[in-house]
Amino acid sequence: MKRILNIEYAAVHGTYWMLYGVVCSFASVFLLGKGYSNSDIGMILAVGNVVAVFMQPLLADFADRTKRISLIGVTEAVTVIIALLTAITFITQKASIALSIVFVLMVAWVTALQPLFNSLAFKLEESGHRVNFGAARSMGSLAYSVLCAFLGTLAQKNGIIVLPITGEIVLVMLLVTLWLTNKHFIKACSKQQADAACSLDKKIDSSDEINLVEFIKRNKLFMLVNVGVAGIFFSNAMFNNFMLQIVEGVGGGSEDMGRIFSLMAFLEIPPMFFFSRVHNRFSCQTLLKFAAICFTAKVVWVFMVKSVAMIFAAQFFQLVSFGLFLPAMVIFIDEIMEKGEAVKGQALYTIVITVSTVSASLLGGFILDIGGAYTLLLISSVVTGAGTILFIAIIDKIKKRNNKDANHLID
């Protein structure tokens with residue numbers, strides 16, 4: 001049963017990150033095809049992420065505290081909402097207020113799912129089986145990589161209609177994997193003759209619940225660290241939102257963009273899959289500081305180069321930047337959070353990345369229209385560098401509050 005749960009949890013990540021690729025990474029391709037300008041695209045992505053910033057803590061708080069609906073039930077409901085919104089994009093032929101609102105909501109709901117799926121690893125362990133978060137998340141990168149390798153070419157040859165079609169297919173796959181995960185989780189619990197505590201419907205004891213205000217007061221240094229995270233991820237968000245425009249600036253196109261995204265995601269797989277071995281030798285803080293430096297190195301490299309081939313080469317920094325940072329941060333959050341804070345801690349981390357995405361989206365579109373890709377990359381280099389400095393200065397000051405061991409999540 002342990003193997004089945006791990007396979008299904010990996011499938012959840014795989015389908016989720018394919019969905020993210022369709023909706024968010026290929027947003028520029030879809031919206032440009034509908035007649036939107038760079039500034040319009042930046043505004044739509046920014047507003048979508050602003051909505052997600054408000055949505056994520058509320059959704060996380062609901063998932064932490066409610067006893068009427070399970071964590072998987074929440075994610076299934078959100079998936080259905082996204083499917084309905086995606087269906088609407090089929091009937092919108094060109095840029096319009098209606099399409100803008102629909103796309104804003106799609107981006108918001110897709111982003112809001114991320115912390116819930118991260119937290120699902122902790123919830124599944126209530127069955128008594130260990131969950132390998134690093135391996136599961138690496139499968140997300142693999143699925144994203146495979147999708148992007150083909151989707152850019154398909155969109156270039158067959159038009160943007162392939163994007164919502166692919167989105168609906170992936171959403172059906174996500175619903176199926178969530179249903180299977182829930183089914184086998186309950187089965188695993190019953191085999192151990194677990195009581196009501198072993199259920200996705202079981203939440204933390206009321207005595208352990210904390211509200212959002214109390215959470216912020218108890219984790220002030222963590223809040224400051226996440227300011228640094230926002231700066232670090234500015235360039236990452238800029239690449240995700242405007243890679244097409246950057247590639248076009250050196251003579252490339254959507255096919256090159258898809259292949260770059262594919263390579264970028266593929267390179268994330270080894271550090272995530274083998275994270276447990278790396279973590280046996282280095283602390284999360286050490287890995288996070290090193291990864292933050294590599295984020296800065298990557299954007300500076302892209303700023304300096306003048307060809308598609310060199311942009312491809314820059315993606316190898318992904319091995320030691322995003323590939324290390326993501327699992328290290330998820331495990332680090334679990335190490336420092338007390339019971340009752342798990343989903344909120346993961347949600348805050350996702351929120352600051354979302355804030356960074358908002359900034360990159362809103363500013364990036366205007367900067368592209370005014371100063372081009374060169375200016376955008378210069379500003380991204382400065383912001384990412386500043387975030388890295390703040391992050392490194394603060395991260396070691398956070399202590400493990402309850403000395404619990406989160407290594408089992410990556411074993």
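Below, each value reflects all heavy atoms present in this structure, side chains not excepted, and no hydrogens, waters or symmetry copies.
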Would you call [X] and [Y] a side-chain contact if the rule is heavy atoms closer than 4.5 Å?
X      : Y      : answer
Ser380 : Leu376 : yes
Val78  : Val110 : no
Val227 : Val352 : no
Phe325 : Leu287 : no
Met106 : Ile81  : no
Asn240 : Tyr20  : yes
Gln318 : Asn236 : yes
Leu19  : Thr79  : no

Decide if the gap between the ring center of Phe103 and the ring center of Phe30 is smaller than 6.0 angstrom.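 Ring-ring flag for Phe103/Phe30: true, centres closer than 6.0 Å.
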Within the 6.0 Å centroid threshold, strictly below: Phe233 and Phe391: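 Not close enough - the centres of the two rings lie 6.0 Å or further apart.
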Gap separating the CG atom of Leu174 from the CG atom of Leu113, nearest 0.5 angstrom: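 It comes to 7.0 Å.
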Listed partners of Thr296 passing side chain to side chain contact (heavy atoms under 4.5 Å, CB included), at least two apart: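 Residues passing side chain to side chain contact (heavy atoms under 4.5 Å, CB included) with Thr296: Val300, Thr384, Thr388.
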Can you establish whether the number of heavy atoms outside Phe266 located under 6.0 Å from its atom CZ is more than 12?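 No, because the 6.0 Å sphere around CZ of Phe266 holds 12 heavy atoms or fewer from other groups.
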Do any pairs count as a side chain to side chain donor-acceptor pair (under 3.5 Å) and have a residue in residues 95-109, sequence neighbours left out, and if so which ones?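 For residues 95-109, and leaving out neighbouring residues, the side chain to side chain donor-acceptor pair (under 3.5 Å) pairs sorted by first residue read Tyr36-Ser100.
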For Lys34 and Leu99, work out which heavy atoms get closest and say how close.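 Looks like CG-CD2, 3.8 Å.
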Sequence neighbours excluded and cut-off under 3.5 Å, please list the side-chain donor-acceptor pairs for residues 133-152, or say none.
from, atom 1, to, atom 2, distance (Å)
Arg137, NH1, Ser141, OG, 2.9
Ser138, OG, Ala135, O, 2.6
Ser141, OG, Glu268, OE1, 2.6
Tyr144, OH, Ser25, OG, 2.6
Ser145, OG, Ser262, O, 2.6
Ser145, OG, Ser262, OG, 3.0

For Glu335 and Ile331: C-alpha separation, side-chain torsions, deciding distance, then whether side chain to side chain contact (heavy atoms under 4.5 Å, CB included) applies. CA-CA 6 Å; Glu335 288 177 345; Ile331 302 305; 3.9 Å; yes
Does a donor on one side chain and an acceptor on the other come within less than 3.5 Å for Thr286 and Ser283?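 Looking only at side-chain atoms, Ser283 and Thr286 do form a donor-acceptor pair, the distance falling under 3.5 Å.
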